[in-house]
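As structure tokens, the structure follows; a few thoughts come after it.
Chain letters run A, B, ... following the sequence lines, proteins first and then strands; every chain starts at 1.
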Amino acid sequence: MTVEPTEPASPAPSDFIRDIVAQHVAEKRYPKIVTRFPPEPNGYLHLGHAKAICIDFGIARENGGHCNLRMDDTNPAKEEVEYVESIIADVKWLIAGWADHCLGFKPRGATPAAGVVNGQPDFHLPPAPVGTPDAQVEPFFASHYFDQLHGYAVRLIELGKAYVCDLSPEETETYRGAPDRPGRNSPFRDRSVAENLDLFARMKAGEFPDGARSLRAKIDMAAPNMWLRDPLLYRIRHTPHHQTGDKWCIYPLYDYAHCLSDYLEGVSHSLCSLEFTDHRPLYDWVLESLLLPRPLPRQYEFSKLIPTYMVVSKRKLIHLINQGIVQDWDDPRMPTISGNRRRGVPASAIRKFAIGAGVTKFKSVTEIEVFEHAIRDELNTLAVRRLAVLDPIKLVLTNLAPGETLECAAVNNPQDEHPTTRPVQLAREVFIERDDFAEVPPPKYFRLKPGGEVRLKYACIIKCDEVIKDPAGRITEIRCTADLSTRAGGPNVDRKVKGTIHWVSASAGIDAEVRLYDRLFSVPEPDADGQFLKNVNPRSLEVVRAKLEPSLATAKTGEHFQFERLGYFVVDAKDSAPGRLVFNRTISLKDTWAKAPGTK
RNA sequence: UGCCUGAUGGUGUAAUGGUAGCACAGGCGACUUUGACUCGCCUAGUCGUGGUUCGAAUCCACGUCGGGCAGCCA
């Protein structure tokens with residue numbers, strides 16, 4: 001087994017699919033373990049896809065195989081190039097440093113090559129070698145196999161296993177019967193091979209309008225499995241395709257295209273979610289009917305990842321965008337990969353969450369707390385600490401002279417094996433968090449109160465002498481005395497006080513917009529009643545003007561910060577600019593105080 | 001009254017005939033220049049009834065309950 005050095009601690013997962021793969025490896029059933037991740041480019045990838053990606057790529061990397069990224073683009077009416085591009089970017093980002101060496105891309109423009117295997121004609125399209133320059137490769141596309149797929153359809157007709165049907169969509173539905181009632185044979189079921197060939201050629205030539213005819217598999221209209229009741233293989237759609245342009249007006253359906261795409265690419269294990277279980281007999285029927293010479297891929301199903309407090313169906317996500325509830329697919333509140341990236345969630349946290357959810361066939365919901373824990377856990381290691389005040393209130397140290405500054409050493413990340421420090425300047429006037437002062441403190445309040453003491457983090461202990469208010473009674477200034485003997489290196493540095501609070505120099509601190517994101521929905525299962533829009537959290541975004549320590553002026557996109565005692569933050573990749581900084585809160589720190597009775 | 005599929009603490013998941021474990025959540029405590037992190041302790045589970053067996057979460061039977069399937073979507 002190959003273990004990626006970037007994640008040495010992750011134990012090798014074990015589950016029913018990996019057990020099957022291990023057995024196939026042991027019996028050398030396939031020349032190589034090949035999986036595939038086959039999204040339809042009709043929306044952005046989300047956390048549900050992340051689980052599939054982790055399984056598909058995970059199993060490939062554990063077995064020295066690869067995983068093909070394939071666009072399942074057989075329905076031109078719903079698909080767009082924008083989605084193709086976002087999918088590529090999101091997959092690359094999610095697997096970077098973990099399984100990028102297993103990412104299967106094909107040579108740009110390549111289509112399955114004809115060959116002969118075991119004396120039989122065959123087509124095969126392996127991936128380009130790892131490390132081929134980006135400009136020379138591209139994902140796999142089902143649409144790049146349309147010629148081969150068409151050829152296989154002709155063969156099916158010749159074998160008497162497919163026929164052209166003239167029934168309308170409505171009639172087809174009626175003829176299909178119901179789950180507990182057998183269907184009826186189409187009156188066109190027994191056409192001759194010659195007539196089917198002719199009609200199929202004319203379908204391809206564009207002689208018939210959309211829906212006028214279809215190509216159907218000849219299986220069994222009385223099958224208890226609905227998907228075996230002569231399912232459609234091809235439908236007529238006079239619609240241009242984002243990859244093939246105007247070349248085709250007949251397009252294959254998923255059940256026909258998917259299994260053959262797997263075969264053409266040499267996929268060994270085709271892993272998908274539970275709703276395709278009923279389709280598996282059809283997947284096998286198509287491949288077995290064609291008498292193909294190479295080992296056939298097999299499909300295995302697992303349950304989807306459904307986190308609480310989210311909706312993940314593309315339809316619902318599009319609705320959130322169209323209703324203006326979120327800005328776009330990459331809004332930091334979206335469960336999309338790109339939304340999570342923009343929010344500051346590291347790819348490693350998404351992987352940890354997705355892998356930790358496990359692989360079973362039990363339909364489950366995973367509590368969002370598991371995801372949040374994974375995010376905090378990763379960020380605790382990755383993020384450098386900085387001081388920032390989100391809701392500033394002025395605090396004056398009356399025993400410091402105006403203009404006087406005292407340099408303090410602030411730790412960058414206490415989790416590092418050898419933590420480094422940076423200087424921060426304590427001044428007579430600083431900002432502290434409004435929450436960190438209480439004129440009438442609740443029980444067990446450790447922070448600043450009249451006559452009380454706290455430590456200013458990395459600086460010294462201060463004592464509150466006076467509270468200044470405006471005529472309306474609102475606190476405008478807190479006046480304190482600093483005990484300089486408690487600074488680092490001072491004689492009383494070890495003096496303990498219960499509370500430590502963060503601060504930013506009033507004169508040196510910089511301004512920034514900070515976007516405080518929270519869960520998009522306020523209930524665990526937003527769409528339980530089909531009314532997810534009603535369950536949107538009205539406070540999923542709060543924008544504040546914050547004061548930051550000066551070193552943050554050069555913060556770069558992609559850097560993770562912990563604003564001490566507050567949470568984890570990143571520079572917003574879209575709206576931030578030098579001098580006009582915008583930070584996104586990825587997630588708050590755990591706050592056991594907030595849960596204490598009598599607070600907030 | 002069809003077919004497929006499943007059921008282990010609140011949630012997710014392990015144990016593949018031999019001590020029901022782990023994680024998250026929750027509770028209590030320790031530590032703390034982050035009420036964070038970390039550490040310790042605690043709460044809490046095999047859907048039911050039979051059967052096989054020295055021994056069953058695991059194998060068998062019958063139930064119960066849940067999820068999926070009738071797109072020319074994927």
Keeping to residues at least two apart or across chains, list the ring pair (Phe, Tyr, Trp, His ring centres under 6.0 Å) pairs with something in residues 348-377 of chain A.
A:F353-A:F371
In residues 370-390 of chain A, which ones come under 4.0 Å of RNA chain B, going by heavy atoms?
A:V370, A:H373, A:N380, A:R385
What residues in residues 406-419 of chain A put a non-hydrogen atom under 4.0 Å from any atom of RNA chain B?
A:P414, A:Q415
A:E453 and salt bridge (Lys or Arg N to Asp or Glu O under 4.0 Å): which single residue from A:R447, A:R495, A:K463, A:K496 fits?
A:R495
For A:F362 and B:rG6, say yes or no: do the ring centres fall under 5.5 Å of each other while the ring planes differ by less than 30°?
no
Compare the aromatic ring of A:Y254 with the six-membered base ring of B:rA74 and state whether they stack according to the 5.5 Å and 30° rule.
no
Determine whether a donor-acceptor pair (one donor, one acceptor, N or O, separation below 3.5 Å) exists between the side chain of [X] and the base of [N].
X      : N      : result
A:D591 : B:rG35 : no
A:Q562 : B:rU34 : yes
A:E173 : B:rG71 : no
A:R447 : B:rG35 : yes
A:R565 : B:rU34 : no

Represent RNA chain B in dot-bracket notation, 5' to 3'. Only Watson-Crick or G-U wobble pairs with both distances under 3.5 Å count; pseudoknot-style crossings use [ ] and interstrand partners use |.
.((((((..((((....[..)))).(((((.......)))))....(((((..]....))))))))))).....
I'd like to check A:K304 versus A:E275 (side-chain heavy atoms, cut-off strictly below 4.5 Å). Are they in contact?
yes
When you compare the side chains of [X] and [Y], does any donor N or O come within less than 3.5 Å of an acceptor on the partner?
X      : Y      : answer
A:D230 : A:Y175 : no
A:H258 : A:R36  : yes
A:R487 : A:N492 : no

Pairing residues for A:R565 by the salt bridge (charged side-chain N to carboxylate O under 4.0 Å, His left out) criterion, not counting sequence neighbours
A:D436
Extract from the structure each pairing of a protein N or O with an N or O of nucleotides 14-16 of chain B at less than 3.5 Å, listing the distance.
from: B:rU16; atom 1: O4; to: A:D19; atom 2: OD2; distance (Å): 2.7

